[in-house]
Amino acid sequence: MLRLIALCAGIAASPAVAAEVHPCEEAEISALFLAEPWEANTQVFANGNVRLAILDMIEPAAAAFHLLILSPPFRELGLPTCQVVSFDGSLGYMVMSLDGLTSSYDPATGLSFQIPMAIGPEPFDEGVLFITLNQATGVVAAEDIGS
């Protein structure tokens with residue numbers, strides 16, 4: 001808990017913090033963690049080739065939400081590249097929602113997403129998770145911008 005409080009203090013003091021992006025295999029992701037209701041917590045882009053989904057890892061409760069990204073390049077058997085965006089290591093966000101998500105595409109940089117989030121505990125530091133996805137390489141860049 002002290003680590004979470006220190007991280008929250010750090011994001012409040014800094015205008016931008018690099019979020020962590022790691023392969024799903026490292027994060028031990030399971031379909032059990034897809035946040036309910038599924039239809040409100042998943043969105044599809046790029047003609048169905050890119051999917052974003054909110055994960056609720058349950059614990060720690062003050063940092064349970066992560067973002068799942070399924071995207072090209074496709075691997076063997078047509079499987080997409082699977083990555084997870086977290087605040088720091090196994091710690092996620094106190095609040096994350098696809099309500100209010102905005103997206104754009106620039107051929108020079110790729111798909112960009114802005115997702116509302118908050119870091120806890122109370123009082124929450126609300127902000128935006130900025131993500132850029134290069135579909136050709138599968139590289140995801142993520143950055144938290146606090147309020």
Side-chain angles (χ1 to χ4, degrees), residues 3-4 7-8 10-121 124-147:
R3 181 176 177 208
L4 178 60
L7 288 171
C8 294
I11 197 171
S14 168
V17 175
E20 291 189 6
V21 179
H22 33 270
C24 291
E25 297 80 10
E26 290 178 12
E28 299 180 16
I29 296 305
S30 166
L32 293 171
F33 298 115
L34 287 171
E36 293 283 353
W38 291 357
E39 58 276 2
N41 289 299
T42 63
Q43 285 200 21
V44 178
F45 301 88
N47 299 316
N49 289 326
V50 175
R51 179 175 299 273
L52 302 182
I54 303 291
L55 300 174
D56 182 354
M57 304 296 280
I58 312 299
E59 291 292 335
F65 294 98
H66 303 258
L67 182 70
L68 173 76
I69 302 173
L70 299 174
S71 70
F74 294 101
R75 303 175 292 167
E76 292 180 34
L77 303 175
L79 295 174
T81 300
C82 182
Q83 298 178 82
V84 176
V85 179
S86 302
F87 178 66
D88 182 42
S90 64
L91 297 175
Y93 298 87
M94 178 68 182
V95 176
M96 180 180 281
S97 173
L98 295 182
D99 284 344
L101 171 136
T102 59
S103 64
S104 60
Y105 176 73
D106 180 342
T109 57
L111 277 170
S112 294
F113 305 99
Q114 299 82 42
I115 301 168
M117 60 78 180
I119 304 299
F124 301 133
D125 181 20
E126 296 181 13
V128 177
L129 176 60
F130 287 91
I131 296 173
T132 303
L133 166 64
N134 181 323
Q135 294 180 72
T137 63
V139 172
V140 172
E143 179 177 62
D144 303 307
I145 308 293
S147 56

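None of the values given here were measured: they were computed from a predicted structure.
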If you compare all heavy atoms of [X] against all heavy atoms of [Y], which two are closest, and at what distance to 0.1 Å?
X: Met117; Y: Asp144; result: CE-CB, 3.7 Å
X: Met94; Y: Ala61; result: SD-O, 3.7 Å
X: Asn49; Y: Phe74; result: OD1-CZ, 3.7 Å
X: Glu20; Y: Asp88; result: OE2-OD1, 2.9 Å
X: Tyr93; Y: Ala19; result: OH-CB, 3.5 Å
X: Leu34; Y: Ala53; result: CD2-CB, 3.8 Å

Self-check item: Stepwise side chain to side chain contact (heavy atoms under 4.5 Å, CB included) test for Met57 and Ile29
Solution: CA-CA 9 Å; Met57 304 296 280; Ile29 296 305; 4.2 Å; yes

When you compare the side chain of [Y] with that of [X], does any pair of heavy atoms fall below 4.5 Å?
X: Leu68; Y: His66; value: no
X: Leu129; Y: Phe87; value: no
X: Gln83; Y: Leu67; value: no
X: Ile69; Y: Ile131; value: yes
X: Glu36; Y: Asn41; value: no
X: Pro73; Y: Thr81; value: yes

Donor-acceptor pairs under 3.5 Å, side chain of residues 101-115 to any protein atom, not counting sequence neighbours: which ones?
unit_1, atom_1, unit_2, atom_2, d
Thr102, OG1, Gln114, OE1, 2.3
Asp106, OD1, Ala108, N, 2.9

Practice problem: Enter the distance from Cys82:SG to Arg51:CZ here, rounded to the nearest 0.5 Å. | Solution: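 Separation between the atoms: 12.0 Å.
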
Exercise. Starting at OG of Ser71, measure out to CZ of Phe45 and round the result to the nearest 0.5 Å.
Key: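 Answer rounded to 0.5 Å: 12.5 Å.
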
Quiz item: Who pairs with Phe33 by ring pair (Phe, Tyr, Trp, His ring centres under 6.0 Å), at least two apart in sequence or on another chain?
Solution: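 Phe33 satisfies ring pair (Phe, Tyr, Trp, His ring centres under 6.0 Å) with no residue once adjacent residues are dropped.
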
